[in-house]
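Report on one structure; see the data block that follows.
Worth knowing before you read on, the calculation uses all heavy atoms, side chains too, and leaves out hydrogens, waters and symmetry mates. Index from 1, following the sequence.
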Amino acid sequence: MDARDFIKIGMSAERTLVVPVERTVGHFVPGMPMVYATPMMILEMEIASSDAIKDHLQPGWITVGTEVDIRHLGASLVGATVRATAKVVAVERRVIRFEVEAFEGERKIGDGRHARGLVNVEMFTKRFGRK
């Protein structure tokens, strides 16, 4: 399967979230501030990337994250509304590349690049065995 046949540059999606305590660095690491954790921001960017293309995948196919190159530019407190965006910027045979950003209001709190690999679920499952 060749992603270039059905994934197009410019496809995009966004996700919005109100930062809960469970997504703060202080929730995971005692003594750290109760601010939006970088891995949680990256998670939202990855999900937005997946959302941008998932409706265009053929049945039995998914994408999995393969690369992240992200900057976390500013802290966001519990209760802040953050928005993660993703836009397809390049499509290779089995790899889709995204430009990702995160905002609190108009303030950019993160940006970078993300790549997802095209995977056949049945073959993937066989490779790792069902548990």
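Put simply, the side chain of N120 does not reach to within 4.5 Å of the side chain of M1, judged on heavy atoms. V82 is not listed as a side-chain neighbour of M41, based on a closest heavy-atom distance of 4.5 Å or more. Taking the side chain as every heavy atom from C-beta outward, F124 and I62 never approach each other to under 4.5 Å. No side-chain heavy atom of L77 sits under 4.5 Å from any side-chain heavy atom of T24. The side-chain heavy atoms of L17 and R23, taken from C-beta on, include a pair separated by under 4.5 Å. The side-chain heavy atoms of M40 and F28, taken from C-beta on, include a pair separated by under 4.5 Å. Side-chain contact between K8 and V91 is absent, with no heavy-atom pair separated by less than 4.5 Å.
Nearest heavy-atom pair across A52 and A86 is CB-O, 4.5 Å.
Using a 4.0 Å cut-off between charged side-chain N and carboxylate O, D2 and R93 make no salt bridge.
In this structure a side-chain-to-backbone donor-acceptor pair under 3.5 Å is missing from H114 to E99. Without hydrogens or angle criteria, H27 side chain to V29 main chain gives no donor-acceptor distance under 3.5 Å.
In this structure, NE2 in H56 is found 14.0 Å from CG in D5, a value given to the nearest 0.5 Å. For the atom pair CD1 of I96 and OG1 of T63, the computed distance is 6.0 Å after rounding to the nearest 0.5 Å.
For the side chain to side chain contact (heavy atoms under 4.5 Å, CB included) with I42, the lone residue among V68, V100, I47 that qualifies is V68. When each of R113, K108, R107 is tested with E101 by the rule salt bridge (Lys or Arg N to Asp or Glu O under 4.0 Å), just one qualifies, namely K108.
Shown here is R94, whose CZ atom has more than 12 heavy atoms of other residues, nucleotides or ligands within 6.0 Å.
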